[in-house]
Amino acid sequence: MNDQYHPQKIEEMAQKYWEQHQTFKTEATSDKEKFYCLSMFPYPSGQLHVGHVRNYTLGDVIARFKRMKGYHVMHPIGWDAFGMPAEGAAIKHQTAPADWTYQNIAAMTVQLKKLGFSFDWTREMTTCKPEYYKWEQWLFTILYQKGLIYRKFSAVNWCPQDETVLANEQVENGRCWRCDTLVERKELPQWFLKITDYSDELLAGLEELSAWPEQVKAMQKNWIGRSEGIDIDFKVFDSPVDQYDILTAYTTRPDTLMGVNCLVLAAEHPLSLAISEKNTVLATFIQTCKQTQVSETTLSVIEKKGMNLGLEVAHPLTGERLPVWVANYVLMDYGSGVVMSVPGHDKRDWEFAKSYYLPIKQVIASKTEIDIEAAPFLQTGCLIQSGEFDHLDCQVAWRLIADRLVKEKKAALKVNYRLRDWGISRQRYWGTPIPMCYLEDDTVMCVPEEELPVILPESVHLNGMQSPLKEDLKWQQIDHKGQLAKRETDTLDTFIESSWYYARFCCPHFQEGMLDVKQTQYWLPVDQYVGGIEHACMHLLYARFFHKILRDLDLVQCSEPFKRLLCQGMVLADAFYIENEAGVKSWIAAADVTIERNEKGRLIQAKHTESGQLVSYAGMLKMSKSKQNGIDPQSLILHYGADTVRLYLLFAAPPEQQLEWSSSGTEGAYRFLKKLWKMVWHDLDRGALPAVNKAGLNKLQKKLYQHIHQVIHKVTDDIDRRQTFNTAISSIMELLNALSKQTISKDDQDAAIHRAGLQAITCLLAPMTPHISHVLWQKYALEKEMTWPLYDPDMLIVDQVTYVVQVNGKMRARFEAETNCSEDTIFQMALSQKNVKNSIGNQSIKKMIWVPNKLVSIVLSS
RNA sequence: GCGGCGGUGGUGGAAUCGGUAUACACGACAGACUUAAAAUCUGUUGACCCUAGGUCGUGCGGGUUCAAGUCCCGCCCGCCGCACCA
């Protein structure tokens, strides 16, 4: 080795060392304090992308930092191996999902290892293996017996051409992505997990998560959506269905009850269906309603369409006859499938009333004039046009009306949640088989515990439509005490695997049960969880829910799984395209584009290098295969080494912000490491040096030595408390710049300080660029293990500060003063500044403000 | 549509508790070294002006304050999520 930085050699060396010494293998217990650091495990899609690298780099920095601080760190990795892409790939490549998955895992393992992450590979888990999903099936049967799992009919996206269920992402503009057929809603029997039993606890638990980002807690709170309201009964006149002589609608605004203009039913409501039997126009309308996707997004943006059912209900207070409508924006799955329409004071009802010319009645008044025909009034105020309730405040009227209805047994107070029970059935092959079976007499029963796991056959052929499980009659058929039984052919939602993997990492090879309580008790909760913000609601809520289930089964002790959460932003890159006459964009990789910039560096023109054709710049977009703007981490590592890639990803943006990829930025990170390498190499040439004698330093030496300790202080705080690795790195860069500009005289202390600075930088960088730090440290200290540097509190005390003087809010001067000078002294000094004198002129001073060690603000009388 | 987040030089970003706006890095320009290039090093770099100084400037429009990128009100734009992608 020489003063040239060769990352490939260095990284291979460091990785070999860690592997031989089993540096990152975690023992079951230790005298040290434990720290469990977890990055969300990856779906084995085949290639590691930069988003993954960012995720694992962030987690690795924290894990390595804590290890250097002396914690007993667990930092595991595994594979979220079930999922739809494997089925797609299997069809495309004429292989089985299992083969494709295992190949990807092998390839991605190699890539992960090249990045030098401090994973404990002995804890590696793969969720598609029976030893993992066995316990999921076991839990399913326990929860079924406890009544937390039930079966009901629920809607799915159905392609009538392919006769298959489609995921929301497989529906494009309401049509099947494969055959362009209009997608329908179809009701199927499906399994549900009663997450709503835990609504209140999931909401209350957010309070104790003080180390979670506020935004994520806000999103979860809104997702759970607790509201207080009442269920109101509307008596139906001459109902065609006996059980439906009453329709119940939930509302949070009983104060607007006098403004109801109609009830609106879902197309699948039994009353709508009953009436449609004798009404072909209605039947056709209901049929078209079914051509809406099962997603809230679609529901909220579709044009609201409805039809009068010709049915009437009685207003619960006045007895007035109100019409009943059916509409496409009300779904049977949510609530009771009945909505009480108050167009004057609800946006959706207002839009619906407008398109069908229904009466809009204002029953709440504001202090200002309102035109209820121009827009609904959504705030609170005083009641009007509400008979005896006129002039009452909304809040008072709310109580009064609710109490009256409850007393008359026409309503009941109710707490409602937006959160719905979790549908966990999937009509797909590549997932955990649901451990249920059906006897010939339709009795539903669990597969007995001793017969678990129900193994998913791995050698299968996929046709792109039907799940192989549904065609495999042999697999389906089982014998139950001499009776013929049929297995459930649906599989579990893959969110289930990711809802408890963090707990299994505590005891990945435990065979006596789902979890080893001793281990979960020691390791849980996860001290630091790192993952994408896109999981803010679903995955993180499901995992919190599972944790509470596991706690109630005495498998874990605490109530929340993740103590601290870091949500990283996406990785973006430049995207270019050529648009043809039909407006279809074809995306061009940046490597095939020649860019022309003006003298400021702004892009003015881009051309396709090969054809010379003009190319449009789409800006920075999320990296994706389809946009051709993905960056392959492997080629980056080959060129710059893992340390450079890690350093750049940490430096380019704070972790929770989106990160814009730039190749010149990577060059900059590389340059920095080259410079560090060279400087350390030259320092090593100086041989043995005395220690820094902090009492005997001259002014300049002391300033530089203080700088070192200020940087140690800042980097520690930036990594530990703030988690802003970008600012940590920039302050390290500043220190290296200062050291490179230092003139080293014959005085030993100059060289000693220089070395102290370089050694501090080597350690401070170790969590971020572990390979170069490891090798440089070995050069310096031979066998001694690297620990996190401590700052000297004495060295943080500065004796001079810079004051700023503002006159009428404008910065006019700055001056140096000794720390902790008195107010009077500082005012005198401020007023004696030449430029301050000029700004004041002959005006009189009205007020002077003093901010100690910082600023003086002079206000002149106008 | 609903919920959450963001917008600062040519670019990524910094400013941590309302107190020096633009740290650090990239790019650009100039110079040193070199036969030359690469690499490296040094310097300059928000805009404008009457240039020892001043005016303007953190998406837009208002407000609070001695003082606002930061707080409040109203907009515009972009991104993420919306329950079968993971």
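Reminder, nothing fancy here: chain letters follow the sequence lines and each chain counts from 1.
Between A:Trp422 and A:Tyr542, the ring center distance clears the sub-6.0 Å criterion. Ring centroid separation for the pair A:Tyr417 and A:Trp223 does not come in under the 6.0 Å cut-off.
Cation-pi geometry between A:Lys678 and A:Tyr5 is not met: the NZ or CZ atom fails to fall both under 6.0 Å from the ring centre and inside 45° of the normal. Annotation: cation-pi geometry not satisfied between A:Lys304 and A:Phe352 (NZ/CZ under 6.0 angstrom from ring centroid, within 45° of ring axis).
Across the C1' atoms, B:C17 and B:C84 are found 46 Å apart, a figure rounded to whole Å. Spacing between B:U11 and B:C56 at atom P, rounded to whole Å, works out to 23 Å. For the C1' atom pair drawn from B:G9 and B:A47, the interatomic distance equals 9 Å after rounding to whole Å. Taking atom P on both nucleotides, B:C24 is separated from B:A15 by 13 Å, rounded to a whole Å. Comparing the C1' positions of B:U35 and B:G43 gives an interatomic distance of 26 Å, to the nearest angstrom. Comparing the P positions of B:A37 and B:G19 gives an interatomic distance of 49 Å, to the nearest angstrom.
Taking side-chain N and O atoms only, A:Arg420 has no distance below 4.0 Å to OP1 or OP2 of B:C82. Side-chain nitrogen and oxygen atoms of A:Asn737 include at least one within less than 4.0 Å of the OP1 or OP2 phosphate oxygen of B:A25. At the phosphate of B:G19, neither OP1 nor OP2 sits under 4.0 Å from any side-chain N or O atom of A:Lys854. In this structure, A:Asn808 does not reach the B:C66 phosphate: none of its side-chain N or O atoms is under 4.0 Å from OP1 or OP2. Proximity of A:Lys347 to the phosphate of B:C2: a side-chain N or O atom is located under 4.0 Å from OP1 or OP2. Of the side-chain N and O atoms in A:Asn853, none sit less than 4.0 angstrom from OP1 or OP2 of B:G19. OP1 or OP2 of B:U20 has not a single side-chain nitrogen or oxygen of A:Arg814 nearer than 4.0 Å.
In this structure, B:C17 is classed as syn because its glycosidic torsion stays within 90° of zero.
Note on residues 651-671 of chain A: no pairs pass salt bridge (Lys or Arg N to Asp or Glu O under 4.0 Å), not counting sequence neighbours.
As judged by a 4.0 angstrom heavy-atom cut-off over every strand, A:Val216 is placed among residues making no nucleic acid contact. At the heavy-atom level, A:Gln215 lies under 4.0 Å from the strands shown only through sugar-phosphate atoms. As judged by a 4.0 angstrom heavy-atom cut-off over every strand, A:Asn835 is placed among residues touching the sugar-phosphate backbone only. No contact: A:Gln170 has no heavy atom under 4.0 Å from any strand. Using a 4.0 Å heavy-atom distance criterion, A:Met848 is classed as making no nucleic acid contact. The residue A:Arg812 sits close only to the backbone: its heavy atoms come under 4.0 Å of sugar-phosphate atoms, none of a base. A:Phe651 comes within 4.0 angstrom of a base, heavy atoms only. Within the 4.0 angstrom heavy-atom criterion, no nucleotide atom of any strand lies near A:Ser45. Residue-level contact check: A:Ser425 touches the bases, meaning some heavy atom is under 4.0 Å from a base atom. Residue A:Ala536 is out of contact with every strand shown, counting any heavy-atom pair closer than 4.0 Å. Across all strands, A:Glu534 comes closer than 4.0 Å to base atoms (heavy-atom distances). Here A:Pro654 lies in heavy-atom contact (under 4.0 Å) with sugar-phosphate atoms only. Base contact: A:Phe495 has a heavy atom under 4.0 Å from a base atom. Within 4.0 Å of A:His539, counting heavy atoms only, lies no atom of the nucleic acid at all.
Base pairing analysis places B:G81 opposite B:C2; the two distances defining the Watson-Crick or G-U wobble pair are each below 3.5 Å. The pairing partner recorded for B:C60 is B:G74, the criterion being a Watson-Crick or G-U wobble arrangement whose two distances lie under 3.5 angstrom. Under the Watson-Crick or G-U wobble criterion, with both distances below 3.5 Å, B:U34 is left unpaired in every strand shown. Nucleotide B:C29 forms a pair with B:G43, judged by Watson-Crick or G-U wobble geometry with both contacts under 3.5 Å.
For the residue pair A:Glu87 and A:Pro97, the shortest heavy atom distance occurs at CA-CG, 4.3 Å. In terms of heavy-atom proximity, A:Ser45 sits nearest to A:His52 at OG-CE1, 4.4 Å.
Checking B:U20, B:G12, B:C82 against every side-chain atom of A:Thr802, the shortest atom distance belongs to B:U20. Comparing B:G19, B:C85, B:U20 by their nearest atom to the side chain of A:Val804 picks out B:U20. Counting only heavy atoms from C-beta on, A:Arg721 has its side chain closest to B:U16 among B:C84, B:U16, B:A15. Relative to the side chain of A:Gln806, the nucleotides B:C85, B:G3, B:A67 differ in distance, and B:A67 lies closest.
RNA chain B lies under 4.0 Å from at least one heavy atom of each of the following residues of residues 662-678 of chain A: A:Ser664, A:Gly668, A:Arg671, A:Lys674, A:Lys675.
No hydrogens or angles were tested; on distance alone, nothing pairs the side chain of A:Gln657 with the base of B:G6 as donor and acceptor under 3.5 Å. Between the side chain of A:Gln190 and the base of B:C84 there is at least one donor-acceptor pair of N/O atoms closer than 3.5 Å. Remark: the A:Lys810 side chain and the B:U20 base include no donor-acceptor N/O pair separated by less than 3.5 Å.
Of the possible donor and acceptor atoms, one in the side chain of A:Glu488 sits under 3.5 Å from a partner among the backbone N and O of A:Asp490.
The pair A:Lys217-A:Glu214 meets the salt-bridge criterion, with a side-chain N (NZ, NE, NH1 or NH2) lying under 4.0 Å from an Asp/Glu carboxylate O.
Checked against ring pair (Phe, Tyr, Trp, His ring centres under 6.0 Å), A:Tyr133 has the following partners two or more places apart in sequence or in another chain: A:Phe82.
With no hydrogens or angles considered, a side-chain donor-acceptor pair links A:Arg722 and A:Thr727 at under 3.5 Å.
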